[in-house]
J.: 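Handing you a structure now.
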Amino acid sequence: MTPTPAGLVRTGIDGLDEILLGGVQRNNNILVEGPPGSGKTTLGLGFVYAGASRFDEPGVVVSFELSPEKLLRDAQGFHWDLQAEVDRGRVRLVETTPAVLLDQLRLEDGVLVQELAAIGARRLLIDGLTPMRLYADAHDVPFRESVHLLIEGLTRLGVTSLVTREEEPTAGVAHERYVFDTIISLDQHLTHRRATRSIRVVKSRGQDFIGGQHTLRIQPAVGVDVYRRVQSRPKDADHQPTSTERLSTGSEGLDTLFDGGVYRGSITLVTGISGTGKTVAGTQFLAHAAAQGRRGLLVTLDEHPEQLIRNAATLGFDLQSAIDAGQLHILYDTPLELELDVHFERVARLVEEHDIEVVVCDSVAVYQLNGGEEANDFLYALASWFKQRLVTVFFNYESPELLGVSQISEELKGSHLVDNIVLLNYVEISTRLRRALCVPKARGSNNVQKTREFVIEHGGFRVLPDDGDNAVPQLPFSNYYGLLARSPTRRAPIIDEAVSQGDPLPADTSER
């Protein structure tokens, strides 16, 4: 366990302590606010349970609306044995009313003080502040005075307290937000009919923290789990590891175009329309790396791992054996439920735990589809994180253009995100589609500036020799049929030949 910085109290909530740079100041009064269902009570209960079970800090839970039986039931749903902590005298569950609590806070030696003292409590959860407001309104008691009484009482008790509050958007500025030391805001969002949760530290007196909106999940056997936003991942601007070692792509012909392979720690973008061979290129790269003793990771967002393994086997790549040997790992995240912060954490954990050296992400277009405006920031953070570890990466991206590439993507500005670019595409020659590739960008390399034909066969894709009958005819690449063509109107070569000679167009042809 990482030592807690001096003066800080770990909340015990996975990820939240990372955002708080270790925890909160001891004896801070914490306000957790948010709409119904955002996870306030679960976070508070986890705070008390973690204190008793992990950090030798007994705690008391004061509830106005949930009975001890329901609290124990809810804790059991997360595999928290709260009953055991109660039996050990490490946790007390108190069901009371706002009126009784406020009266107790006025007393120097009331029942609440005695309960805390009896178990040596260091943590206190009050769930929640909203019933206190309702009580004040019903009894014509100034709620502001009740809040000050609450804060004074909590400070006098000498515990680290956590108080929950229902967020009321139409209630105006809440006075209590000014008097609490730490404010943690929870929220829920509905995107494409999918509910997601987020967490944000608004303030925390006496300490620094990682601001912004982070992802929060409530998960079985865990409770509240927090994933810091990927844009906040530390970046060492003063140091960038580099290497002169080159890694083979697994294709001799492509290595030649790259001037001997790709640099270790470089990021390569492989882009092309569906079916041109992006996944094959990535699979070939990983299989070759495994054969060389390098540990790899395939991050697949398009195809299920079983389908990828089957398809690779038809080309002669035995991915299953590499997986069984621990040389290859596969992470599959369905695009339907993809959350970028959570996904980043899973990738990072696999890379660190297994000392991964090469990675293929297939396909980064899914990040763009799910992340919207955040996709670029996510990919920058991911690429930077890989580079700091000298991990060699292939990003596969599906271009929307069938014939010719006018730009990598309208939304995803990938060219300055990566070190190398491989363009895969179809070339239309009369009634046939043939595959071609080029390497327009390779930082630090004397890459071959030629478009070459390739075929996909047993053993992966093979770049054909640039000679005689094996080369793609010159005509397509001398006109706007090249891979970098921008013309929106494309016709078969037979049409261009007829036009150039002044002949009438064949009867069965039309402009495309």
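Nothing here was measured: the structure is a model prediction, and the numbers come from that model.
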J.: Hey, which of Thr300, Asn396, Thr283 is the one that makes side chain to side chain donor-acceptor pair (under 3.5 Å) with Asp362?
T.: Asn396
J.: Are there more than 12 heavy atoms of other residues, nucleotides or ligands under 6.0 Å from atom CD of Gln114?
T.: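 More than 12 within 6.0 Å, yes.
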J.: Compare every heavy atom of Leu298 with every heavy atom of Leu286, then report the nearest pair and how far apart it is.
T.: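 Shortest heavy-atom separation between Leu286 and Leu298 comes out as CD1-CB, 3.6 Å.
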J.: More than 12 non-hydrogen atoms from neighbouring residues, nucleotides or ligands closer than 6.0 Å to CZ on Arg205, yes or no?
T.: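 Yes - once you tally the heavy atoms of other residues, nucleotides and ligands closer than 6.0 Å, there are more than 12.
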J.: Strictly below 4.0 Å, N to O, side chains only: are Asp377 and Arg229 in salt-bridge contact?
T.: no
J.: Which word best sums up how the rings of His343 and Phe378 line up, parallel for under 30°, tilted for 30 to 60°, or perpendicular for over 60°?
T.: tilted
J.: Assess the residue pair Arg294 and Glu245 against the criterion (salt bridge (charged side-chain N to carboxylate O under 4.0 Å, His left out)); give the C-alpha distance rounded to whole Å, side-chain angles, the decisive distance to 0.1 Å, and a yes or no.
T.: CA-CA 14 Å; Arg294 298 185 185 275; Glu245 180 185 2; 2.4 Å; yes
J.: If only atom types and distance count, is the side chain of Gln213 paired as donor or acceptor with the main-chain N or O of Arg200 below 3.5 Å?
T.: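 Not at all, since once roles are kept as given, no pair shorter than 3.5 Å links the two residues.
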J.: Taking the side chain from Lys278 and the backbone from Glu398, do they hold a donor-acceptor pair closer than 3.5 Å?
T.: no
J.: Looking only at non-hydrogen atoms, find the nearest pair between Leu379 and Tyr367 and report the distance.
T.: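 Residues Leu379 and Tyr367, closest heavy atoms: CD2-CD1, 3.6 Å.
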J.: Check Arg88, Arg90, Arg122, Arg123 against Asp56 for a salt bridge (charged side-chain N to carboxylate O under 4.0 Å, His left out) and give me the one that passes.
T.: Arg90
J.: Taking all heavy atoms of Gln25 and all of Gln207, pick out the closest pair and write down the distance.
T.: N-OE1, 3.4 Å
J.: Indicate yes or no: at least one non-hydrogen side-chain atom of Val60 is less than 4.5 angstrom from one of Ile119.
T.: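 With C-beta onward as the side chain, the pair touches.
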J.: Would a distance-only check, ignoring hydrogens and angles, find a side-chain to backbone donor-acceptor pair under 3.5 Å from Lys40 to Gly34?
T.: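 Yes; at least one donor-acceptor contact below 3.5 Å.
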J.: Looking at Leu105, is its backbone amide N or carbonyl O close enough to the side chain of Arg156 to form a donor-acceptor pair, meaning the two atoms are under 3.5 Å apart?
T.: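 Judged by distance alone, yes, a pair lies under 3.5 Å.
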J.: Between the side chains of Thr215 and Asp341, does any donor sit under 3.5 Å from an acceptor?
T.: yes
J.: Please check this pair: side chain of Lys441 against backbone of Val418, looking for a donor-acceptor N/O pair closer than 3.5 Å.
T.: yes
J.: Could you tell me whether the side chain of Leu129 reaches within less than 4.5 Å of the side chain of Met132, counting heavy atoms only?
T.: yes
J.: For Tyr49, run the side chain to side chain contact (heavy atoms under 4.5 Å, CB included) check against Val61, Leu125, Asp81 and tell me which one passes.
T.: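 When side chain to side chain contact (heavy atoms under 4.5 Å, CB included) is applied between Tyr49 and each of Val61, Leu125, Asp81, only Asp81 qualifies.
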J.: Would you find a donor on one side and an acceptor on the other, under 3.5 Å apart, between the side chain of His354 and the backbone of Ile356?
T.: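 Checked: no pair found.
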J.: I'd like to know if the side chain of Arg10 and the backbone of Phe55 have a donor-acceptor N/O pair within less than 3.5 Å.
T.: no
J.: Does Glu345 pair with Arg217 as a salt bridge, N-O distance under 4.0 Å?
T.: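 No, no charged N to carboxylate O under 4.0 Å.
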J.: Do you know the tightest heavy-atom contact between Phe395 and Val393?
T.: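 The answer is CE2-CG1, 3.6 Å.
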J.: Any side-chain heavy atom of Glu65 within less than 4.5 Å of one from Pro131?
T.: yes
J.: So, Gln104 side chain and Val111 main chain: donor-acceptor pair closer than 3.5 Å or not?
T.: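 Between the backbone of Val111 and the side chain of Gln104 there is a qualifying donor-acceptor contact (under 3.5 Å).
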J.: Using distance alone, with no hydrogens and no angle criterion, decide if Ser198 and Asp187 have a side-chain donor and acceptor under 3.5 Å apart.
T.: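 No pair is found: no donor N or O on one side chain lies under 3.5 Å from an acceptor on the other.
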J.: Quick one: are Gln292 and Glu357 in side-chain contact, heavy atoms under 4.5 Å?
T.: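 Counting from C-beta outward, Gln292 and Glu357 never come under 4.5 Å.
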J.: Can you find a heavy atom in the side chain of Val230 that is under 4.5 Å from one in the side chain of Tyr380?
T.: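 No, every pair of side-chain atoms sits at 4.5 Å or beyond.
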J.: Without swapping roles, check the side chain of Gln188 against the backbone of Pro36 for a donor-acceptor pair under 3.5 Å.
T.: yes
J.: Write down the atom of Arg54, the atom of Gly12, and the distance for their closest heavy-atom approach.
T.: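 Of all heavy-atom pairs spanning Arg54 and Gly12, the closest is NH1-O, 3.0 Å.
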J.: For Leu72, does its backbone N or O pair with a side-chain atom of Gln83 as donor and acceptor, under 3.5 Å?
T.: no
J.: Asp333 and Arg346: which non-hydrogen atoms are nearest, and at how many Å?
T.: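 Of all heavy-atom pairs spanning Asp333 and Arg346, the closest is OD1-NH1, 2.6 Å.
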J.: Checking Asn29 against Ser161: is there a side-chain donor and acceptor pair closer than 3.5 Å?
T.: yes
